[in-house]
Amino acid sequence: MPLKLPRQPTRTRHPPRPGKPENPQSRGPTLYRALQQQLTETVRAILDASWHIQLTEIVLEQPPDLALGEFALPVAFELARRLRKAPRQIAAELAEKLAAALTPADGFLAFEAAGAGYINVRLDRARLAAALAAPVAESDATRPDSQSRSQSRTQSRILVEHTSINPNKAAHVGHLRNAILGDTLVRILRAAGHLVDVQNYIDNTGVQVADVIVGFLHLEGKTRAEIDALIAAGSSPSAREDRFDYLCWNLYARVSHWYTEGDADEQARRKSLRYQTLHAIEQGGNETALVADRVSTAILRLHLVTMQRLGITYDFLPRESEILHLHFWDRAFELLKASGVLYHETSGKNSGCWVMTRAGTSSTEASSAEDSSAGNAAADGEPAREQPSASDLPDTAAPDRSAPDPSAPDEDAKVIVRSNGTVTYVGKDIAYHLWKFGLLGVDFAYRRFFDYPDHTCWISSMDGESNTEGEASHPRFGGAAAIYNVIDSRQSDPQANVIQALRGMGHTEAADHYTHFSYEMVALTPRCAQELGYTLAEEDRSRPWIEVSGRKGFGVKADDLLDKLTAATRAEVDARQPDRSESERQRIATQIAIGALRYFMLKFTRGSVIAFDFRDALSFEGETGPYVQYTAVRARNIFRKAGITPEAALEAMLSNAATHPDAAAQPDAVTPDNALALLAEANDIWPIWLRAARRHQTLTSAISTAEPATLARHVFQLAQEFNNFYHKHHILTEEDPARKTLLLATAAIALRELTQLLDWLGVEVPEAM
RNA sequence: GGGCGAGUAGCUCAAUUGGAUAGAGCACCGGCCUUCUAAGCCGGGGGUUACAGGUUCGAUCCCUGUCUCGCCUACCA
């Protein structure tokens with residue numbers, strides 16, 4: 001499991017827990033969880049009392065058909081051999097014992113042996129629904145179980161790093177997947193009650209920025225004033241093709257090509273120019289560095305605006321320039337040497353370098369320990385930043401791989417400090433991550449950088465005397481108890497190295513709470529590539545997808561995609577809502593476009609490559625964001641037409657039930673006018689309520705598996721269930737008062753759930769569609 | 001060579017982490033707007049879960065081997 005944070009009960013596994021089960025009288029999803037726990041505890045007690053058997057976990061599932069019950073226990077299968085009895089017989093015996101222990105008064109209506117040996121459990125639907133319908137149940141979402149409550153009481157913070165686009169070109173679809181996954185992770189962590197800081201790491205002194213600077217200064221021979229003018233003209237997102245980040249997108253591609261042109265001498269000269277520029281930028285305090293700062297800052301602002309369109313915001317932007325100039329590395333270097341993680345290589349190809357044994361190498365204890373304790377995390381991947389793929393780099397050098405010699409130095413070791421004394425990317429990242437966990441002993445200075453309607457985003461700064469640098473009063477960043485790095489899977493190796501270093505330094509706690517939230521890249525389908533005007537090699541046409549390449553300028557820009565989506569949704573809205581005002585229609589179209597895009601990026605599990613295609617992304621039918629949004633709008637329209645609020649509908653059902661106080665205790669006594677009791681037979685309505693009850697379980701599962709797609713799927717299924725219900729039952733014309741009460745309350749629950757779940761995914765429900 | 005990931009319906013993807021008849025969407029075929037919005041609903045065809053063994057009461061899932069594909073494996077960042 002990638003998440004090693006506050007350990008929360010996940011899914012249906014129930015390890016033994018000390019103490020009493022929660023009060024089953026509590027509300028909504030809480031009641032559902034309490035019933036689950038009460039059930040597993042009782043099974044445990046019966047196994048112990050009857051056969052002296054202790055199982056480490058009691059598996060709780062859902063029957064394949066809701067009509068069979070709410071829970072299914074496969075425990076009899078596991079007991080069959082030990083008890084030398086047929087599973088079915090054991091199930092029958094257990095069901096009987098369970099029925100004696102858990103009565104309708106507890107909320108359990110029946111236990112039935114079924115299939116080859118399952119025990120199906122029926123709950124009191126009326127009671128569960130009443131708990132869900134009760135007001136205040138809402139706060140349940142932000143106040144999960146006792147463990148996370150105590151977690152937030154101690155104010156331990158989680159730090160999520162995402163986006164981290166190199167500030168040298170416009171954002172593209174791949175960056176959108178990162179930012180949307182990261183932002184959704186932030187939302188669901190907050191929904192679970194955690195305190196979360198959002199950081200966007202800015203590599204403003206890297207080779208990618210240097211390339212664009214080479215382009216401006218040497219390829220185009222621009223002066224700083226001319227570049228400033230381009231920035232001024234292209235810093236409005238509405239500048240479109242003049243946009244500065246778009247301009248740099250093209251320039252970056254041209255420079256990358258320029259490096260490969262000319263004869264060998266010329267190429268060497270250009271490459272040398274490249275590294276001179278890079279070093280000047282790293283060093284700072286010179287004209288080149290000043291230009292680079294202007295350029296990267298301008299592009300950064302445009303990235304923030306792009307992401308803001310999607311409802312994505314940040315709290316802090318740590319920059320590599322400050323990591324360099326505030327000497328984070330010097331401090332980290334001392335710590336690494338002192339702990340023995342780094343050693344000076346004196347022979348072999350890495351002679352003269354400070355190196356670290358690579359993560360996953362079997363010769364180290366640390367790595368084998370990690371394999372056993374955190375192996376899953378490594379496999380599931382950790383965070384990642386932008387990284388040029390090998391094929392992107394024009395000057396790829398084939399590593400010299402001679403036959404390994406056991407007596408030779410560790411040729412596979414990771415170089416952290418080069419023989420010329422400069423530090424590598426991983427080295428700087430180790431320093432940065434020591435800071436993240438508050439283990440470095442050095443801090444950034446901070447200043448305000450970007451204002452959102454509800455908060456300010458800060459940026460790292462030098463701790464200068466100048467009053468424009470470093471503001472004295474700033475929020476505290478860093479020193480997190482746990483971190484998530486949203487970085488694509490290609491960086492799992494460097495990420496593993498950082499974790500390895502932390503562990504090697506004895507920061508086991510930090511290493512255990514370091515999650516590389518990894519995901520596969522977004523590529524383009526061959527058809528999409530051709531649509532964009534790229535000519536493909538024969539072999540590429542038959543591939544399932546083609547990798548995007550910033551260096552080739554090959555990809556779909558984020559704002560272009562958003563514009564295209566908005567244009568498509570706007571056309572639909574114009575046709576469907578002709579009476580609404582221009583601004584209203586634009587607002588609705590924007591909300592739908594964002595819903596489509598965010599859902600599209602979230603519906604795939606992290607491990608699958610998204611082969612991007614406009615046809616799929618611009619689809620608004622089936623498993624899409626707009627489908628779910630439309631469902632919520634339908635539910636809302638019912639209340640508009642009915643002239644009551646969803647809250648009133650729920651209240652009506654509860655007060656109706658109040659006139660039937662025996663209903664919960666004696667569900668057999670169904671009277672025709674008892675709305676809640678009707679649920680007992682309503683197998684076409686019950687799925688909506690049951691799904692509402694499972695909300696928190698799904699949230700917890702999404703967090704523990706670090707898989708937002710789980711929630712996307714959950715809300716889609718709820719939408720399907722509601723649409724089914726909507727089609728089958730005509731609510732406003734229902735004549736039976738109790739039945740109408742139930743139908744309205746069901747619509748209210750569905751609307752509440754859809755709205756809440758979409759909010760967790762960063763999707764709004766439009767006024768109309 | 002080593003590490004990681006993937007292989008499931010024509011296509012794109014799921015599968016409660018070992019459970020009941022492997023499910024959705026798209027595409028295709030056929031139905032449903034005089035009723036709360038058809039961005040919707042219902043029905044249909046579609047599967048040797050890459051292959052071969054193994055463990056298990058039970059395997060898409062775990063183990064071994066094989067095949068195919070991708071990524072990573074730099075004194076780049």
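We name chains A, B, ... by the order of the sequence lines, and we start the count at 1 in each one.
Both distances falling under 3.5 Å, in either a Watson-Crick or a G-U wobble arrangement, place C32(B) opposite G40(B).
Nucleotides G47(B) and A22(B) have their P atoms positioned 12 Å apart, rounded to a whole Å. Taking atom C1' on both nucleotides, G58(B) is separated from U21(B) by 15 Å, rounded to a whole Å. Here the separation of C63(B) from A59(B), taken at their P atoms, is 16 Å to the nearest Å. Between G46(B) and G25(B), the distance separating the two C1' atoms is 15 Å to the nearest Å. For the C1' atoms, the distance linking C76(B) with U60(B) amounts to 40 Å, nearest Å.
If you measure from atom CZ of Arg543(A) to atom C1' of U12(B), you get 19 Å, rounded to the nearest angstrom. Taking atom CZ on Arg527(A) and atom P on C11(B), their separation rounds to 15 Å, with Å as the unit. To the nearest angstrom, P of C57(B) lies 14 Å from CG of Leu83(A). Counting to the nearest Å, the C1' atom of A74(B) and the CD1 atom of Ile416(A) are 12 Å from each other.
Comparing A38(B), A39(B), U73(B) by their nearest atom to the side chain of Asp412(A) picks out U73(B). Minimum atom distance to the side chain of Gln62(A) is reached by U16(B), of the listed C13(B), A77(B), U16(B). Picking from A39(B), C71(B), U17(B) the nucleotide with the shortest atom distance to the side chain of Thr705(A) gives U17(B). The side chain of Thr733(A) lies closest to U35(B), out of U35(B), G25(B), G40(B). Out of C75(B), G40(B), C36(B), the shortest distance to the side chain of His730(A) is found at C36(B). For Asp493(A), the listed nucleotide lying nearest its side chain is U73(B); candidates were C36(B), A39(B), U73(B). Of the candidate nucleotides C36(B), G70(B), A38(B), C36(B) has the atom lying nearest to any side-chain atom of Leu732(A). Closest approach to the Ile731(A) side chain among C71(B), C36(B), C41(B) is made by C36(B) (side chain taken as heavy atoms from C-beta onward).
With centres under 5.5 Å and a plane angle under 30° as the test, the ring of His727(A) is not stacked against the base of C42(B).
Under a 4.0 Å N-O distance rule, the pair Asp493(A)/Lys414(A) does not qualify as a salt bridge.
Using modelled atom types, one finds a donor on one side chain and an acceptor on the other under 3.5 Å when comparing Asp211(A) with Tyr259(A).
In terms of polar N and O atoms assigned as donor or acceptor, the side chain of Asp429(A) never comes within less than 3.5 Å of the base of A77(B) in a complementary pairing. Donor-acceptor pairing under 3.5 Å, judged by distance alone, is present between the side chain of Ser419(A) and the base of C75(B).
Geometrically, Arg551(A) does not engage Tyr252(A) in a cation-pi contact defined by less than 6.0 Å to the ring centre and at most 45° from the axis.
Because its glycosidic torsion is within 90° of 0, U17(B) is reported here as syn.
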